[in-house]
Colleague: 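The structure that follows is given in the form of structure tokens.
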Amino acid sequence: MTNDVLGPRTAHALLADGTTVCIRAVEPGDHEQVQGLYEEMSTENLRLRFFAASRRSAAMAADRACAPPRPGYRALLAETHGRLIGLAEYAVVDGTTTADISVAVADGLHHRGVGTLLVEHLVSAARAEGVATFTADALSENHEVLKLFADLGLRTTRRFEGPEVRCTVELGEDDTYLAAVEARGRAADVASLVPLLRPDTVAVVGAGRKPGSVGRAILHHLHTGGFTGRLFAVNPRTSSILAVRSYPSVSALPKTPDLVVVAVPGAAVPATAEECGKAGVRALLVVTAGLDGDQAAALMAACRTHGMRLVGPNCLGISNTDPRIALDATFAADHPRPGTAGVAVQSGGVGIALLDGLSRLGIGVSSFASLGDKYDVSGNDMLQWWESDGTTDLALLHLESFGNPRAFSRTARRVTRHMPVLTVDAGRTEAGRRAAASHTAAAATRTMTRQALFTQAGITATRSVGELLETAALMHSQPLPAGTRVAIVTNAGGAGVLTADACAEAGLVLPPFPPELVDDLRAALPAGAAVGNPVDATAAVTEEQLRTCVDRIAGHGGIDALLLVLVPTAVAAATGDNLVEALTGGPGRRTRPVAAIRLAQDLPVTLLPAADGGTIPSYAEPQAAARALAHAARRASWLSRPPGTKPDLDEVDTARAHQIAETFLAENPDGGWLDPRTCAALLSCYGIPQLGWAWAETEDDAVIAAERLRGPDGRVVMKAHWPGLVHKSEQRAVHLDLQGDAQVRAAFRDFDTRFAGLLTGVVVQPLAARGTELFAGVVQDEVFGPLVLFGLGGTATEVLGDHAARLAPLTDHDVHDLITAPRCAPLLFGARGSGPVDLEGLEQLLLRLSRMAADLPQLAEADFNPVLATPAGVSVLDARVRLLPRRPQDPYLRRLR
């Protein structure tokens, strides 16, 4: 999608039935098409649209829509395969923030979401232009357009005036509207993926006659995997490949395929895609790698022009193990085992490892997508597919990039309420860090940003494919723990100690047992057993004794999970006891998770069959079991909290903030750091508390300011300023503890001498009271949006790196997490007996900073350091804000990548 001064000009999006349409601004050259849209309407539809059936209305409507661009007017059209199928327009009422809107949809295309999609795009464009309200006049019998406005998810009121009704639509964005847009988008997205993941007919283009080609391998998998639909090969040199009928071209096939697998050289991919599109193919799987820029652009143009969804290029393939479909369009070594885990990866190698691991564990796969270079279908698409397929209960992702992280986050937050979503946090390290312009930019890394996304969305982020499988095994087979309290039972004391260490390192706790449980365990176990936590049942324990011990601990209300740690012993071998049966052969499924750790186990993790028909995970290493339990506990904690809310804030003047930003950027087209006065004015728009200060450009002005600002101790602080100055301490541009006029004058003269030619003035402040110095900031990530950071402040903030981060806009839960996550958090709650700081004031500061970042896309960085927190209040002692010329982007607008 491209942008200009009028905002979004072109985008592709999905109708309710999964059809791809192009949404774009109407241009003068569209006059004939626009007029034709109206002229082809039935007399009844013309009457409903124009309140009369005059054919002259068509020409007048086309003249208005296709006139040259003008302020306050916007017209968007929807087209598919070059045909105009709908138009929506608004015109702002002079001197107001209200616009009149109208919608028209081609005959025969109603009830497919054309009008709703156009209005959604108009709403986004109108908000960006400051429009607050839409009004629309309709005949009261025009039920379709009235239902369109009523179902938008925006606050709508109606006023009847005889045979007409006036609808008023408030454009304020809230969760109700976003949820409605999401629901429509989800339905459309799933419909568009049906030809890809549930095709009736598949063709493979590029399957060779000789073994060794990728296309042939995929054709072989489709054929031997039992695909239930019709299967064709496309190869002009043969009539049959692997007993599959082959045809010379896609257009020569006896039936148009839903899905075409493209495994031809890169140079042939664009032409193949164009041929498929013209033939009516609805989905492409392009496994070819190494497309250059022109080839990639031509591939995407063909897909968008002809409405085809695309997986790839440069990918392993896709599969759907539903026996009604049995689609295996991959070139992995083996067919995936049917199961309930949905898998989406960008790396083919990671995909193969996950397919093998899930098959070995017995979890299996519901559907699999290797997204490759991810030109179109993404992890967001797959999450929505799994959410609705009726089979998937566990989602595994390996994503190296995010096209629209904020839309992904909203989808993931919804999906993770119903099933675990696990990912490998790929690319955690950075070969080099960009030059930092502020403390905020120095602290904000792509790793921190991605981890904030995962945390807020409830996604379980692991550090390796092995850890991902270990955690999946536990979440697939066991209930979630209610907390972090773990009991350990072992037949070897040293193994119990190792496991206790692993649990502590993973953030789990081992609570002591109450006396009555200790007595029960002592009576049940062999003499010499240690019945603390861990429980050392000794090598002499029998299977029956161990089962009794495990059952009694598992039934105890003071623990949330149980780990049974076993080593092979000659005693058990001699008696024929199978100690792991203490877990697997016990009573029916327990309400608390249990897992085995068998140090002699060959595989890192396996699932053992249990007597009740379920399974129990068994790990070769204590660390693996502890990590998996810790992940499960965090998921349980996330689920136990209701979704966060964005509190209403008073004393916020968004319109004035926009005016300040626009004025600054008009004077500084390339952007830059705000001067202290402009910065203070912007912060005041959001009620952000600042320590009193004064601006001075001369020595005398500095003395006057100091006299006015001195506190009871008579001391002030002076800070030098010039455009571009960021790190004042490093430049020795701060003087502290200034007493009396003489010291103020000397400080000013020092700055004037050392920074001659640079200095534009100084900031004079009273010396702040003692308190905890904190840091708060925001940096605008071009992909993820604004990231809010918080932690310990002062001159060593970058060295100590004690920061937490969350993506804006912040909810009340996000703010709580930000305040409690840094290592310095105990200081805020009165750890040293000084009493807690003003926590409510701190929460307000972070919420207001988040609101400022969300309101102003031009805000590239904000850096509050230090923020002084005391029991009496919170105030910003030093603030820096950098603006860049950026237009707002609507991350929730329905559009394809």
Colleague: Could you pull out the closest heavy-atom pair between P270 and G266, with the gap in Å?
Modeller: CD-O, 3.5 Å

Colleague: Does anything in residues 232-272 pair up under ring-ring contact (aromatic ring centres under 6.0 Å, His included), and if so which pairs, sequence neighbours excluded?
Modeller: F232-Y247

Colleague: Are any side-chain N or O atoms of T321 and backbone N or O atoms of V365, one a donor and one an acceptor, separated by less than 3.5 Å?
Modeller: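 Such a contact is found between T321 side chain and V365 backbone.
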
Colleague: Over all heavy atoms of both residues, which pair between A472 and L394 is shortest? Give the atoms and the distance, please.
Modeller: CB-CD2, 3.9 Å

Colleague: In plain terms, say whether D425 and R450 are close enough for a salt bridge, that is, a side-chain N and a carboxylate O under 4.0 Å apart.
Modeller: yes

Colleague: Compile the donor-acceptor pairs under 3.5 Å between side chains in residues 274-284 and protein atoms, sequence neighbours left out, one pair per line.
Modeller:
from: E274; atom 1: OE2; to: H306; atom 2: NE2; distance (Å): 3.0
from: E275; atom 1: OE2; to: V250; atom 2: N; distance (Å): 3.0
from: E275; atom 1: OE2; to: S251; atom 2: N; distance (Å): 3.4

Colleague: Between W638 and G458, which heavy-atom pair has the shortest distance, and what is it?
Modeller: CE2-CA, 3.4 Å

Colleague: Is it the case that the side chain of Q346 and the backbone of E400 share a donor-acceptor pair, with hydrogens and angles ignored and the cut-off at 3.5 Å?
Modeller: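 Yes, because the side chain of Q346 sits within donor-acceptor range (under 3.5 Å) of the backbone of E400.
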
Colleague: Do Y892 and R410 have side-chain heavy atoms sitting under 4.5 Å apart?
Modeller: yes

Colleague: Are L422 and I459 packed together at the side-chain level, in the sense that at least one heavy-atom pair is separated by less than 4.5 angstrom?
Modeller: no

Colleague: Short question: side chain of T19, backbone of L15 - any donor-acceptor pair under 3.5 Å?
Modeller: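 Not confirmed, T19 side chain does not pair with L15 backbone.
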
Colleague: So, does S388 use its side chain to make a donor-acceptor pair with the main chain of W385 at under 3.5 Å?
Modeller: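 Checked: pair present.
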
Colleague: Closer than 3.5 angstrom, by distance alone: can the side chain of Q601 be matched with the main-chain N or O of S618 as a donor-acceptor pair?
Modeller: yes

Colleague: Among L197, L327, V345, find the residue that satisfies the side-chain contact (heavy atoms from CB on, under 4.5 Å) test when tested with F368.
Modeller: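 Per the side-chain contact (heavy atoms from CB on, under 4.5 Å) rule, the option paired with F368 is V345, out of L197, L327, V345.
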
Colleague: Can you pull out every salt bridge (charged side-chain N to carboxylate O under 4.0 Å, His left out) where at least one residue sits in residues 351-380? Sequence neighbours excluded, please.
Modeller: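 Every pair satisfying salt bridge (charged side-chain N to carboxylate O under 4.0 Å, His left out) with a residue in residues 351-380: R304-D376, R309-D376.
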
Colleague: So which heavy atom on L469 is nearest to which on A353, and how close?
Modeller: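 Looking at all heavy atoms of both residues, the closest pair is CD1-O, 4.4 Å.
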
Colleague: Look only at the side chain of R216 and the backbone of G208, and say whether a donor-acceptor pair between them is shorter than 3.5 Å.
Modeller: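 Confirmed, R216 side chain pairs with G208 backbone.
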
Colleague: For N235 and T238: C-alpha separation, side-chain torsions, deciding distance, then whether side chain to side chain donor-acceptor pair (under 3.5 Å) applies.
Modeller: CA-CA 6 Å; N235 188 322; T238 183; over 6 Å; no

Colleague: Locate the shortest heavy-atom distance separating A632 from L474; write the atom from each residue and the value.
Modeller: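 Closest heavy-atom pair between A632 and L474: CB-CD2, 3.8 Å.
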
Colleague: How far apart are the C-alpha atoms of E470 and H631, what are their side-chain angles, what is the distance that settles it, and do they pass the side chain to side chain donor-acceptor pair (under 3.5 Å) test?
Modeller: CA-CA 10 Å; E470 293 159 3; H631 284 306; over 6 Å; no

Colleague: Return the set of residues passing side chain to side chain donor-acceptor pair (under 3.5 Å) with S370 (not counting sequence neighbours), or none when no residue passes.
Modeller: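 Scan of S370 (side chain to side chain donor-acceptor pair (under 3.5 Å), adjacent residues dropped) gives none.
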
Colleague: Donor-acceptor check, side chain of T416 to backbone of A457, threshold 3.5 angstrom: yes or no?
Modeller: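 Confirmed, T416 side chain pairs with A457 backbone.
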
Colleague: Count the heavy atoms of every other residue, nucleotide or ligand shown that sit under 6.0 Å from CG of D292, and state whether that count exceeds 12.
Modeller: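 Enclosed: over 12 neighbouring heavy atoms sit under 6.0 Å from CG of D292.
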
Colleague: Which residue pairs pass the ring-ring contact (aromatic ring centres under 6.0 Å, His included) test with at least one member in residues 198-222, sequence neighbours excluded?
Modeller: H221-H335

Colleague: Scan for salt bridge (charged side-chain N to carboxylate O under 4.0 Å, His left out) pairs involving residues 316-335, sequence neighbours excluded, and state none if there are none.
Modeller: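 Non-adjacent pairs meeting salt bridge (charged side-chain N to carboxylate O under 4.0 Å, His left out): D322-R324.
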
Colleague: Could you check whether any side-chain N or O of T116 sits under 3.5 Å from a backbone N or O of G113, counting only pairs where one atom can act as donor and the other as acceptor?
Modeller: no

Colleague: Just by modelled atom types, is the R337 backbone N or O under 3.5 Å from a matching donor or acceptor in the S359 side chain?
Modeller: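 Confirmed, S359 side chain pairs with R337 backbone.
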
Colleague: Between Q889 (side chain only) and E782 (backbone N and O only), is there a donor and an acceptor less than 3.5 Å apart?
Modeller: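 Answer holds: no.
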
Colleague: Under a 3.5 Å threshold, yes or no: a donor from one side chain and an acceptor from the other, between T201 and D258?
Modeller: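 Side-chain D/A pair, T201 to D258: absent.
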
Colleague: Please round to the nearest 0.5 Å and tell me the distance separating atom CD of Q478 and atom CG of L607.
Modeller: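 Answer rounded to 0.5 Å: 9.0 Å.
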
Colleague: Which atom pair, heavy atoms only, marks the closest approach of A329 to V261?
Modeller: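 In terms of heavy atoms, the two residues are closest at CB-CG2, 4.3 Å.
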
Colleague: Apply side chain to side chain donor-acceptor pair (under 3.5 Å) to residues T391 and S366 and explain how you reach the verdict.
Modeller: CA-CA 7 Å; T391 301; S366 58; over 6 Å; no

Colleague: Under a 4.5 Å cut-off applied to non-hydrogen side-chain atoms, are V377 and L310 in contact?
Modeller: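 No, too far: nothing below the 4.5 Å cut-off.
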
